Structures are given as C-alpha cells and as structure tokens.
Amino acid sequence: MTDPIIEHAVDMESKRFGLKKPMVRYDTQGEMSDAERVKKAMQHFAKDFGYVAATYMESCVHCGICANACHFYVTTGDPKYTPIWKIEPFKQAYKREAGPFAFFYKLFNLKHKVTVEELEAWQELIYDSCTMCGRCTLACPMSIDIASLVGMARHAMFHAGLVPHELWAVALKAEEEGSPLGANPKVFKERIRWMEDEHEVDMYIDKEQADILVCMSSIEIQKYPKSMADTAKVLNYLGLSWTFHTEGYEATNFGLLSGNLDWQKDMSQKIIDTAIKIKAKTVLLPECGHAYQAMRWHGANMYGQSLPFTVVHISEFLADAVEQGKLKLRTVGKTAAFHDPCQVSRRGGATQAPRKIIEALGIELREPASSGDFNWCCGGGGGVITIHRADELRYKAMELKLKQMDSTRAHLMLTSCSNCRQNFDDSGEHLAWGRKIESLLELVADNLIEDK
Amino acid sequence: MSLDDIPIQIAPPQEGPSEMPKALLHEVWELLQAVCAGRSVRERIDLHGLPLSPADYQQLQQLLGRGEVSALIEASGRSEVFETAVAGVWWLRDFGADERLVAEYLEITALPLMLMTHHDDLCAAVALLQQQLSAE
Amino acid sequence: MSVTLLDFARGPAMQWALIIFVFGMVWRLVGVWGLRHKADHSQPRVTQGVWKRGLRAVFVRVLPYPEFAPKVQGQYWISYVFHLGFFIVLLFFVPHILFFEDILGFGWPGLPNNVIFFVGGITVAALMVALIKRILNPVTRMMSNFDDYFAWFVTIAPVVTGLLVNANLIPNYELMLAIHILSFQLLLIYLPFGKLMHGFWLMVSRWTTAVRFARRGGLS
Amino acid sequence: MKKADTLGDELRRQGISRRTFLKFCAAMATSMALPASMAPVMADALAATRRQSVIWLSFQECTGCTESILRSYAPSIESLIFDFISLDYHHTLQAAAGRAAEDARDQAMQENWGKYLVIVDGSIPLKDGGIYSTIDGHTNLETLETVAAGAAALISVGTCAAYGGLPMARPNPTGAVGVDEIIKDKPVINLPGCPPIPEVMTGTIASFLTFGRLPEMDRLGRPVAFFGDTIHDRCYRRPLYERGKFARGFDDEGARKGWCLYALGCKGPITYNACATIKWNQGQSFPIQSGHGCLGCSEPRFWDKDSFYKPLSATHWGNAAGLAAAAAAGAAVGAGVAVLSRRHQDTIAKGE
C-alpha cells in the first residue's frame, strides 16, 4: 500500500514551517480493525500506568480550575479544552484496568471499556489542543502534572494509529530521513557551508573529537539558518572545541511529540551515540523548547542510564558565559519583552537564564503579566503547529499571546525557541501583528564585543 | 459535712421578658371580647403549662394589675383568686394540701367557677340542713 | 423494638464504618504506591533539599498562585469555607469531641453550640453554592460524574442531619440522631472509594509533582 | 359495701366539695397539657361517672412503682385519685391476704366484667412455662390473660410492665416480656419509668375515668401528654448545653456550677419523660437537678443500652487492635492488588 501521507511535500513558502495542507486528511493510520486499535491503545496505556500517573489520576477532584490556565480554553471558552478532560480515556482505562479498585470498576462496569469512537473524538484534544506547556500543572490545587499525562496518552494514540495526519507524517519522515522537515544530513551540510560563506564564520562539522556537540533543529536549519552561524560565532568567540555532526544533529524529537517512544528513543540515541563517539562533554541544544525537554529531561531515560555528558540549552550556555564574564556584550539599550518557551522555563527550570543575558545586553526587560514560569504558551508547541486543522485554534491562542506581549510596549520582542518564533511569524502575519519576534541568540551574536 | 456545704449553684437563665406576655395579652383581649359579645360565658388560659420565665411572669402581672376583688378558698389546700385591673379577667392559683402550686390560670368571665357554689353542692346542702333541722 | 436504630448506629454500624474506612484507605494508598516507580536518570539541576520542596509544596499550594488567583479565588473561598466549616463543626462541637475522646483518649476545648450551628449553616450554604456552581459552570458540569454528586451528598448530609438533630424540628430526636450518625458513617465508608480521598491524595500528589520538578529547578 | 350512685354523690358524702373536684381537674388538665377550658368539663364528667373498679397485678417487680404512686403521701390533690377508684385487688395495699384476696379479685371481675381497669407492674416471665413467678399456683402469664380478658383497658406501670425492664436485662434468665407483648386484643398503655412519675400514673387514670378511654399514645404506647418531649428538651440545664458548658467530672468546677451533664453520660436527649417538668417528690427535684445525668430509665432496654456514664455521642467504635487489623488487611490487599495490577498491565502491554 502506498501511504498517501508521505507524498505531501514540505512547505517551504509559508511562514509556518511544515507540510503543505493535505487535500484529503488521513487522521487514522494503518489497516486495523476498531478492536485492534483499542487493543493497541490499551497496550500502551498499560505501559504508562505507573505510580506517578496513577497518583495523578486518583487525585483529580473535577474542580475545573485547570481550565483557567489553558490558553485554548481561555480563548475559546469551550469546556472540552479543559486540560484534565483531555486525558479522560486514559483515566478511564486506568480506573478500569490498573487502579486499586479496578476489579470493582470492571465488575460493575463503572467505567466502560474505552471505545475507538472515544479515542477518535479525543484525538483533537490530545494533539490539536494541547502543547503540553504545563501551565495547568501550576494551577491545579492537587498539582496534577496534566502535561506529562497528555504525553503518555499520546503513546497509546500513536500505536492505535490515531495521530493527526501531518504530525504522523513528519514523525515518520524524521524517523526515516533523519529530519522531520527535509533537513537530511546532505541538506544540513549544504546549509552549514552556505552560512559559513554568508557570515564568514568558521563552522566545524564531523570533527572526530570535540568538547561540545552542537545540535540544531530542522526549523533553524531550514528557516532560521543564521542561528547556526550565530551559534558558531559565539562558540568561536569563547574559543571552545566544538562541532556539528551529520550523525547526530537533529534536536527536534517528533517521536516525543507524536507519541512513539521507540522513535523518540531512536532520535535521542543518534545524538547520544554521536556525543559519546566524539567524547563530547557537553551537548549544546538550540533554541528549541521540546528539543530541550526531549534531551535534557528524557534523554537519559531513553538511554536507560545517566548520560556521560551534560545537556544544556543555548540560553543556559550563554547565561553561564555571561556570568563568568567570558562573553563581552555591547549595551543595546531599548526595552524588551521576553516570551518564555514553556519547555525551557516552566518545564525546564531555566527560567532565569534568558533574563541574565538580557540584563547583560543592557536591555530593560519589561515583564508582562503572566511571564516567567507562568508564561502563556505561544500555542504552537507539542506538534500543534504542524496540524493545519488546528490553525484557527492556534491563532486564537496567539491573539492572547500577542496582547500580552503588546501590553509591555517594549521595543524588542524576544524569545529563545525557534518553534515559538515560527509560530509568532505565522500567526503574527495572519493576525496582522506588524511586529517581529527575535532570537535571543542572534541578538547576542550580533552584539559581541570583539576586543581582539 | 452537711448538704449545704456542697457548693452547687445554678447558672441563672437569660434575663429580660420575652414576647410572651404581650402575646398573652392579645389572647386575653380576644377572649374578653367573646365573653362581652355573649359568644362565650367562660374562658381559661393555663399559665402553668406555658414556658414563662420569671421576668415574663412579672411583666404579665404588671400588665394586668390588680382589681377590686380577691378571695381565698380552702378546698384540699388553698386557692387564691383575684380579679385583675382588667375587669372580667381573674387570676387563679391552686395549691395542694402540701402548699405546692398545682394549677395557675386566668379565667375570663363574670364570676370564676371556683367562687360559685355548684348546684349539686347547693342541693346537697338542702338535704343536710333539713337533717339538722329535723334532728332538733 | 429490641435494637433501636440509634443502638445500631452507635454500635455495629460505627465499628464497621471505621473498619471499612481504614481498610479502604490503606488499600487504595498502598495499591497506588505499589505500582511501578520509574527511575529518573536525567541529571538533576538541583540535588539538595528536594524533599523539602516536596513538603513545602504540600503547604504552599494551599493557596492558588497569585497568577491564577483573580480567576479562581472565588472557587477557593467557597471550598475553603465548607472545608473549614465542616472541620470546625466536626472537631469543635463538644459532643463530637466526646466521640473523639472516647477513641483517642484525649479531648480538647469545644465551641459554644450557637457558634457551631452558625458555622454549620454557613457550611451548608457554601456547599449549596458549590453545587450550583458545579452545575452552572460548563467546565465542571461536563466533567462531573456520579462520584462528584454523591461525594457532595455524603458531605452535606451529616451537616444537615446534625443541624436537624439540634434544631429539634423533627420530633423524634433519637431517630434523627441515629440518622445523623449513620450519615456520618456513610461519609466514612464512601471516603476511601471516591474523590473524597483527595484529602490524602493532595499530599501525595503535591509531593510527587514538587519533587519531580524540584530536581529540574522548576516551579511546581 | 354501700353503693353510691355516682362518683359525685360518693365524694360529697365524704365531704369533698365540687370546688376540690374542680381544682383536681385544673391540676390534671395542666399536667396533661389539655386546654384549660377542659377542666370544668372534666369535673362534670367525672362527677357523673361511677366509681371505677381497678385490679392491680404485680408480677416480676420491686414494688417501686407502688411506692412511687403512694409517695404522693401528703393528702395531695393527686392522691384524690384513690377516692375516685375502687382498688379491688392489690397485693401490697389490700388488707386481705391469701384466698380472701384472690376471691376479692374474682368478685370484682365478675361484677365489673368488661369494665374494670387493669394496672400491671412488673414483667411477665415466659421461659420454661413461666414458672419463675407464680401467684396462688398460677403463672403470671395465666393470671394476666385471665384478668385481661374482662378488662376495659390495661395500664402498664413502670418499665418492667411496659418493656420488660430489669428482669429482661441480658441475659434475661426468665424470658421476661412486657404486657403489650402478650395482650394484643385490648387497649394497653405504657407508663414507663423506673419508677414512673406519680402524676403520670394518676393523670392517666384520671384521663381514663373522665373520657372513658386511654389518652393519645406515641409509637411506644406512652401517653403523649407526658412523654411528648425529651428530658433534654425541658431540662433547665439546656441553656448550658447550648453554650457548650459541660461538667466533665462529678467533682469538677462544671459539676459545682451545675453545668450540663451530657459529657457524663446523661441520656436526657433520647429519653422521653416528664421528669424535667413535673419533677419528683412534689416538684422538689429530679435526677439532673441533683447532679446526676438521666439514665434513660423510661426507655426500652435502658439497662442494656450503654454505660450510664458514656456520653451519648461516644460510640462503641471497637478497638485500636481492630482498626490496626483493618489497616494491615488494607495494606495486604493493596499490595496484592498492586502486584496483580502490574501483572495485568504486563499482560495488556504484551497485547495478549
């Protein structure tokens, strides 16, 4: 069978970097009976019924407070976007199959068996309307980490073949081609060479040994290639031993986003193996939120043991250099608003890093309401931006986001996540924002004081 | 140690009269009206069974006042009767032979039953007197 | 007539209610704790005092973060009013203290009845408001299931029956007292099996999240 | 015996005026919470009746009930009741004894068949053919059934006659029961109490005399007029209960200050009786007033119910060992369920 999904080409024209809008949607994958789909889903639900998930699913009191934290609920007012509701089938399966009273739930059919119709209906809630930004976790009086539960629910959805068309396709491309969006090793190499010429900066690739393995996301490779040059510029400025590597460069992890744990592991493994191979002490991750989540916090767990190197996000890396006084920066002046990428700040623990850099640039940071750990998500993460079906929803969420950013009346709009950035670009155009968000890394690279 | 040495004191109940005396006065007025209009000859209000606090009790006495007639009856213990300042409203207290209050009520009538000689007693007196006379 | 309802409520019913309460509660907690714990191999950002953060979160999260307060404080207020009201009535009504004293062997000072009745009244009112809000709010209406309404019922029932016992509106005090005790036992028996168990889970859940995020250096 | 036409004639002959009569009725109306205007009506009705024949049967009892009714010792207004009735048979009170006494009873029964009132104090043993209490060779059961057959109504005086009382206390060696367990075809009224209040007894008899029938009863067969409220409802210490002032020992400050005795096991809240209003010994006092909680003696099974000193809100909750066992069982089941759940998860995960 020829899978029609794969035939969709990467859309290089749109501000949003992804697949072209499919003429016909195929939101179910594989040839499976309904019963098989449910069985597959249950198989993977069951793998996630550990203590942590169980505690969370036992704890919910149905207070609905989490709805107030979710950008999708707040902007639409539709109750189905209530975060905890998004894992309802997962919860239902847990109560019936694994909870302490599962026996009674089953015996009296208190929770019926999850049906394929339910799983199909929930596809939109689990994928289109959740960026796994975790803002709801902070709102929940019981501290239920709903974002991680959604991540788990996606495992089952993937194996049941119930992933939104585009997300499934990019995940498959990433697994098969090494990059979700056509940045295969050949393209990667070409673009590095191009940037090297364009920006007159030395860029190392496939060095046999280096202290730092630098990874890039395909968004940057394809859409914001200056990031590659700027990363190189900073690393060279600091005089560090570093390299890109064609065997392990793709930082995005669509295995994580789509819910395929095996693929997630494959994608992380490439970087891990490469880093070990070149004896890297550090893996430097680009301005990409979920890439950070995937490698920094999931990486070792995919590997099955602690990693023999440290994993840092470029903003953490820059902040360290600034703090150690190694990075001399021009005073930019002006005022700026910073959009915290959810996976780096709230769920990554690196909330302070960008603030230190902004301070070092002499920029007055204007924090809008709900920033830092409480930042409103851009609405495009977690794979949402690839799904055309979710566009209207995403634009709605972005309205809230832009209003928040505009409220600061700052000169500069900054972020340190290329996925957020492309969402700002795409939604900003759609909503006629008339402004542009800039990369913190690029701002740093543009303002290095070369005192040599 | 005598009983008096046991230092038991009872905490006093809340002070001040309640709405009770006023409500009672309304009832008295209605009954008095009925008797005045000839719809009834005799009406009674039991005071003993009502939850009257000492303050209530005192106020009721003040409100009704004391009228012209008062009487003492000796019949298996004492009974006290007096007409209140409100004519036709009589206040009666019955004591047992042990000086215990056994009944207390207001009677709204021209003359309380307690003061009247019952017809049967009166007839019995006829027979008794006749006996005495014939014995002489 | 041999055994009255009150005798049953004070005797076997109380024994079984307590046994089921303790049994069910431990069962559920152990049953969840006994599921697989997955090790986290990621390099922690913070290693010191992670457990302290866990403990702290149990208390810190008693109030919403100021970020969310404007939208959710009404709901917090209502729920705190009935939670606190419920516990004040439960723990500071002298006859209740005598109940605990009999079990624990020690007691504590109580509050005057009129204070208790006032608090009880407020508790009932807050529970009513909570129910109305649950039904009117589309989010909570959608999510609510039997557990939510039944838990509400078993919570309000002892308060209402307790007030009725003391209001003496129903002539048979003894029967009402028995119903009151039975309604409390219904609460005890149901507690481990429904969402009322959140009284225990809230500690476990807050702790779990706080510890998970503390090692990342994140907020929880 | 010289026979009077009516009670009125009879009393007049004894020099008791109708005013006394009226007074008696006013007192009765008050104690039974009848409308005050009923008193003159009662007096007229009573005057027109004949003297009521009463047969008093004593079974398994302590004579406390008889003592109680006699303890209206001064020539009180209530004691008038003895002038209104013809007590034709009463072991303790009658002069006759042995055969003569039994003959008197038979005669009264014959003369007043279908009209006499039977008062019973004491419970009736049923075990082993009722041999545990016999009179003149007859078991109490036989006597009761024989006498009740011609009765207009029965009054069970005291908790023993009403509900079995102390003889019925566990293990109830004699198989004692109350009257209404046996007599089903006649009106029976219960006047429980250990002993019952004299005014309750005389009031109920007076009510029967005047109206010719037993007064309104509650679900336990007690006259509502006297047993309509609990001791707690009418207790003068109730305000202290409301204020949360409780004596915690019989010699503490609270006890000295006369605070509520709830914490000391007072059963006032679940005991229906008129002690708090009518009181005892000519309105002198009642148990709570003298510093001891109500034992609940007018309620069925009061003896077996509970410790007299256990607060009503304290329960028979079991013991710590039982709860520890429940916790241990819960832990075992929880662990077992977790293991099963893990296995079940593995099975599902394998997709089998």
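Side-chain atoms are counted along with the backbone in the values below, which use heavy atoms only and exclude waters and symmetry mates. Convention: sequence-line order gives letters A, B, ...; per-chain numbering from 1. In this text, all values refer to a predicted model and were calculated from it rather than measured experimentally.
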Please check if any side-chain donor atom of [X] sits under 3.5 Å from a side-chain acceptor atom of [Y], or the reverse.
| X | Y | value |
| --- | --- | --- |
| C:Tyr190 | C:Gln185 | no |
| A:Ser129 | A:Glu124 | no |
| C:Thr140 | C:Arg134 | no |
| A:Asn253 | A:Ser268 | yes |
| A:Glu58 | A:Tyr94 | yes |
| C:Thr161 | C:Ser183 | yes |

Is [X] close to chain C through its backbone or its side chain, or both, or neither, when contacts mean heavy atoms under 4.5 Å?
| X | result |
| --- | --- |
| A:Thr351 | neither |
| A:Ser148 | side chain |
| A:Ala53 | neither |
| A:Ala69 | both |
| A:Tyr303 | neither |
| A:Phe49 | backbone |
| A:Lys47 | backbone |
| A:Ile84 | side chain |
| A:Val74 | side chain |

Between [options], who has the most heavy-atom pairs with chain A when the cutoff is under 4.5 Å?
| options | result |
| --- | --- |
| C:Lys71, C:Arg215, C:His37, C:Gln75 | C:His37 |
| C:Met142, C:Lys133, C:Arg141 | C:Met142 |
| C:Val62, C:Asn145, C:Asp147 | C:Asn145 |
| C:Met143, C:Met203, C:Arg36 | C:Met143 |
| C:Val30, C:Leu202, C:Thr208 | C:Thr208 |
| C:Arg206, C:Met197, C:Gln43, C:Arg45 | C:Arg45 |

Quick check on the interface: out of [options], who has the most heavy-atom pairs with chain C under 4.5 Å?
| options | value |
| --- | --- |
| A:Ser306, A:Pro141, A:Gly50, A:Gly134 | A:Pro141 |
| A:Ala102, A:Ala369, A:Ala350 | A:Ala350 |
| A:Val52, A:Leu110, A:Asp78 | A:Val52 |
| A:Gly299, A:Ala67, A:Ala54, A:Gly304 | A:Gly304 |
| A:Gly348, A:Cys140, A:Pro100 | A:Pro100 |
| A:His298, A:Glu88, A:Arg135 | A:Arg135 |

Calculate, to the nearest 0.5 Å, the distance between atoms [atom1] and [atom2] belonging to [X] and [Y] respectively.
| X | Y | atom1 | atom2 | result |
| --- | --- | --- | --- | --- |
| A:Asp340 | A:Cys417 | CG | SG | 11.0 Å |
| A:Arg296 | A:Leu307 | CZ | CG | 9.0 Å |
| A:Arg96 | A:His112 | CZ | NE2 | 9.0 Å |

Region of [X] in contact with chain A, defined by heavy-atom distances below 4.5 Å:
| X | result |
| --- | --- |
| C:Pro138 | both |
| C:Pro70 | neither |
| C:Ala39 | backbone |
| C:Arg212 | side chain |
| C:Tyr76 | side chain |
| C:Pro44 | backbone |

Query raised in the report: Can you name the one residue among A:Tyr73, A:Phe90, A:Phe72, A:Trp122 that meets ring pair (Phe, Tyr, Trp, His ring centres under 6.0 Å) with A:Trp85?
Result: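 Only one of A:Tyr73, A:Phe90, A:Phe72, A:Trp122 forms a ring pair (Phe, Tyr, Trp, His ring centres under 6.0 Å) with A:Trp85, namely A:Trp122.
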Could [X] and [Y] be called an ion pair, given the rule that one side-chain N must be under 4.0 Å from one carboxylate O?
| X | Y | result |
| --- | --- | --- |
| C:Arg216 | C:Asp40 | no |
| C:Lys195 | C:Asp148 | yes |
| A:Arg347 | A:Asp145 | yes |

Query raised in the report: Which pair of heavy atoms, one from C:Gly121 and one from C:Leu163, lies closest together, and at what distance?
Result: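 Nearest heavy atoms, C:Gly121 then C:Leu163: N-CD1, 4.0 Å.
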Report task. Keeping the roles fixed (side chain from C:Thr209, backbone from A:Ser143), state whether a donor-acceptor pair exists under 3.5 Å. Result ->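 At least one qualifying donor-acceptor pair exists.
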**Report entry** Check against ring pair (Phe, Tyr, Trp, His ring centres under 6.0 Å), C:His83 and C:His198
**Finding:** CA-CA 12 Å; C:His83 275 88; C:His198 71 271; 5.8 Å; yes
